[in-house]
Amino acid sequence: MSTPRAALKQIARQAMRERGFEPDFSAAALTQASQLSESSAQPANRQDLRDRLWCSIDNEDSRDLDQLSVAEARPRGIGILVAIADVDALVRRHSPIDQHASANTTSVYTAAEIFAMLPEQLSTDLSSLVENADRAAIVVDMTVADDGTMTSATLFPAIVRNHARLAYPSVGAWLEGRGPEPPPLATVPGLAQNLRMQSDAAAALKRSRHRRGALTLDTAEGKPVFAGDELRDIAAIDRSRASELIEDFMIAANTATAQFLESRGFSSMRRIVRMPDRWPRIVTLAAGTGTTLPTTPDVQALEHWLLAQRERDPEHFPDLSLSVVKLLGRGTYVVEPPNEPTPDHFGLAVDDYAHTTAPNRRFADLVTQRLVKAALAGAVSPYEDDELAAIAARCSEREDAANRVERQVRKAAAAMLLERRRGEVFDGIVTGASPKGTWVKLRHPLTEGRIERGQEGLEVGDRVRVRLVAVDPWKGFIDFERLKQ
């Protein structure tokens with residue numbers, strides 16, 4: 001009899017194919033990967049920064065490590081260096097591996113299996129910034145003033161070495177005073193102090209962004225929990241100061257990279273979230289809490305309301321955050337020629353924002369890395385604008401498809417958990433309402449399903465009581481009926 005994990009793996013592979021992904025690498029791509037070696041990943045003529053106190057902070061089970069960070073004291077602030085894995089040194093354009101990456105455009109992370117954008121020999125080894133190994137990287141060197149302003153930024157190729165592989169939960173608990181010092185900090189002299197300095201710089205960057213209108217949001221995501229091959233729960237993934245630290249550095253590095261490319265006269269792919277079309281619904285949600293928002297999108301006013309709601313009702317703030325995120329809409333990739341600005345990223349309060357910090361996992365980041373390396377070498381852009389536009393459209397479409405695969409597998413796992421609970425009543429919040437259907441998210445277990453009866457008149461953000469009427473793990477269906485309150 002198939003175990004839940006084995007069943008989810010089958011469901012994941014089926015969902016990948018249905019959404020147009022290639023779940024397996026071609027024989028040519030695997031052959032190419034097998035012919036790569038340590039020496040392939042270390043091009044010459046790079047700055048040697050292996051002695052810096054580089055560390056990685058990621059999920060506990062992550063092996064595709066894209067970036068390292070380190071801090072240093074400077075006369076007018078804190079220097080933050082972010083090292084990004086030089087994946088282009090191993091994955092040449094139009095090679096079999098590159099063809100697979102350009103087709104899928106992203107790694108897809110499901111509960112049962114990870115469908116990596118690059119073969120395992122690269123993503124978890126040769127192009128991953130693994131602990132205690134010399135690796136080629138593109139370094140973004142930034143100076144952060146006390147007020148969080150980025151006063152300077154440069155990019156250059158280097159050789160780096162990860163001295164400590166750290167994880168969000170333990171580092172976050174330590175930074176917040178809730179847990180002991182993670183063991184690796186005791187074995188690397190000076191790293192604990194360096195992490196404190198990194199945390200200070202990240203906090204300053206965050207404060208600066210929020211003064212400009214960045215949004216405070218805290219959405220809870222669910223992750224299936226297994227005991228062996230048996231599914232036990234759908235648990236929330238907690239955010240911490242450690243995850244926020246990396247988020248703040250990545251936003252800064254992505255902004256610095258976009259500005260660098262523009263300064264060199266290069267077109268680039270930018271990541272944007274446009275002004276929300278569903279702003280009136282956000283206004284209605286705010287009005288329900290006694291707050292009047294402007295009739296036209298205003299990120300500063302929205303941030304003030306979110307902060308007030310987090311203070312007033314922290315327990316339900318993740319629900320409100322999710323509603324706002326759904327109403328803001330998803331991000332997309334666009335091409336920005338030099339001196340022709342695209343719309344800002346509504347929600348991050350940044351004018352220039354490229355995706356560049358995860359080239360092991362996202363094709364857009366690998367393309368941006370190739371643009372950066374060409375600019376550093378004084379060469380012409382390796383991509384014409386129309387080619388960049390096609391890549392941007394493909395990455396946007398594939399990212400949406402990947403989200404749907406991941407969501408379907410999470411729902412399949414939740415359906416397995418809920419199979420014996422038909423007829424039970426749950427409290428939830430509406431996360432989607434359109435002619436295609438009305439969706440509700442439960443808090444326990446953390447999952448989403450469709451309201452099949454009684455959904456008339458519901459809007460995103462409404463709190464509802466629903467009864468579970470049917471589940472189908474293989475189709476990812478969890479169906480509810482609304483109960484009148």
Side-chain angles (χ1 to χ4, degrees), residues 49-73 77-85 107 109 114 123-124 128-133 135 137 139-142 144 148 160-210 214 216-223 225 235-254 314 318 357-358 360-361:
L49 300 183
R50 289 174 292 179
D51 61 341
R52 303 291 182 93
L53 292 175
W54 298 105
C55 68
S56 62
I57 312 175
D58 213 311
N59 295 314
E60 292 178 300
D61 55 354
S62 291
R63 298 171 63 200
D64 47 355
L65 305 178
D66 285 292
Q67 67 274 325
L68 309 176
S69 57
V70 66
E72 62 181 32
I78 299 175
I80 294 297
L81 287 77
V82 174
I84 303 165
S107 294
Y109 297 86
I114 295 173
S123 62
T124 66
S128 177
L129 300 177
V130 295
E131 193 174 28
N132 298 322
R135 290 288 182 261
V139 172
V140 184
D141 183 338
M142 303 165 284
V144 181
V160 299
R161 188 177 183 87
N162 184 357
H163 295 283
R165 180 178 179 272
L166 304 172
Y168 291 135
S170 59
V171 175
W174 172 68
L175 287 173
E176 295 164 11
R178 297 183 291 103
E181 180 180 279
L185 301 192
T187 63
V188 182
L191 182 55
Q193 181 182 2
N194 196 277
L195 273 175
R196 296 286 189 191
M197 196 185 308
Q198 291 189 45
S199 181
D200 290 343
L205 286 167
K206 182 182 293 293
R207 288 194 299 269
S208 177
R209 282 204 331 276
H210 283 275
T216 298
L217 296 166
D218 182 14
T219 55
E221 295 184 10
K223 181 179 180 179
V225 177
I237 302 173
D238 294 328
R239 288 174 56 81
S240 69
R241 279 182 63 183
S243 55
E244 291 177 355
L245 179 155
I246 295 302
E247 178 183 281
D248 294 328
F249 286 173
M250 296 311 102
I251 293 171
N254 286 328
T357 55
N360 274 307
R361 317 178 195 197

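Basis for what follows: all heavy atoms, side chains included, without hydrogens, waters or symmetry-related copies.
The side chain to side chain donor-acceptor pair (under 3.5 Å) search around Arg165 returns none, not counting sequence neighbours. Shown here are the side chain to side chain donor-acceptor pair (under 3.5 Å) partners of Asp58, two or more places apart in sequence or in another chain: Ser62, Arg361. Qualifying side chain to side chain donor-acceptor pair (under 3.5 Å) partners for Ser208, counting only residues two or more places apart in sequence or in other chains: Arg212. Under the rule for a side chain to side chain donor-acceptor pair (under 3.5 Å), Gln67 has no partner lying at least two apart in sequence or in another chain. The side chain to side chain contact (heavy atoms under 4.5 Å, CB included) test applied to Asp61 returns Asn59, Lys223, not counting sequence neighbours. Shown here are the side chain to side chain contact (heavy atoms under 4.5 Å, CB included) partners of Ala203, two or more places apart in sequence or in another chain: Arg207.
Residues His210 and Thr216 form a side-chain contact, since some pair of their non-hydrogen atoms from C-beta on lies under 4.5 Å apart. Using a 4.5 Å heavy-atom cutoff, the side chains of His163 and Glu131 are not in contact. Residues Pro184 and Leu166 are in side-chain contact: their nearest non-hydrogen atoms beyond the backbone lie under 4.5 Å apart.
Closest approach of Cys55 and Gln198 over heavy atoms only: SG-NE2, 4.1 Å. When all heavy atoms of Met197 and Glu72 are compared, the closest pair comes out as SD-C, 3.6 Å. Nearest approach of Arg52 to Leu81, heavy atoms of both residues: NH1-CD2, 3.6 Å. For Asn194 against Ala71, the heavy-atom pair with the smallest separation is ND2-O, 2.7 Å. In terms of heavy-atom proximity, Ala253 sits nearest to Met142 at N-SD, 3.8 Å. Of all heavy-atom pairs spanning Leu129 and Ala83, the tightest one is CD1-O, 3.6 Å.
In this structure, Arg241 forms no cation-pi arrangement with Trp174, as its terminal cationic atom is not both closer than 6.0 Å to the ring centre and no more than 45° off the ring axis.
Rounding to the nearest 0.5 angstrom, the gap separating the CD1 atom in Ile114 from the CG atom in Asp64 is 6.5 Å. Rounded to the nearest 0.5 angstrom, Ile84 CD1 and Met250 CE are separated by 7.0 Å. Separation of atoms CG (Asp248) and CG (Leu245) is listed at 7.0 Å; rounding is to 0.5 Å. One finds the CG atom of Asp200 at 11.0 Å from the CG atom of Leu195 (value rounded to the nearest 0.5 Å). Remark: Thr124 OG1 to Leu65 CG distance equals 9.5 Å, nearest 0.5 Å.
With hydrogens and angles ignored, the 3.5 Å screen pairs a side-chain donor or acceptor of Ser128 with a backbone N or O of Arg63.
Salt bridge status for Asp51 with Arg161: absent, with no side-chain N to carboxylate O gap under 4.0 Å.
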- Item | CA sep, side-chain torsions, deciding dist, call: Val139, Leu49, side-chain contact (heavy atoms from CB on, under 4.5 Å) | CA-CA 10 Å; Val139 172; Leu49 300 183; 4.3 Å; yes
- Message: If you apply the rule side-chain contact (heavy atoms from CB on, under 4.5 Å), what do you find for Asn132 with Val130, and how did you get there?
- Response: CA-CA 7 Å; Asn132 298 322; Val130 295; over 6 Å; no
- Message: Apply side-chain contact (heavy atoms from CB on, under 4.5 Å) to residues Ile246 and Tyr168 and explain how you reach the verdict.
- Response: CA-CA 9 Å; Ile246 295 302; Tyr168 291 135; 3.8 Å; yes
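No more than 12 heavy atoms of other residues, nucleotides or ligands sit less than 6.0 Å from atom CD of Gln193.
Partner Phe249 forms a side chain to side chain contact (heavy atoms under 4.5 Å, CB included) with one of Val140, Leu205, Ile57, Thr357 and no other, that one being Leu205.
A donor-acceptor contact under 3.5 angstrom links the side chains of Asn162 and Ser56, judged on distance only. Checked by atom type, the side-chain pair Asp66/Asn360 shows a donor-acceptor distance below 3.5 Å.
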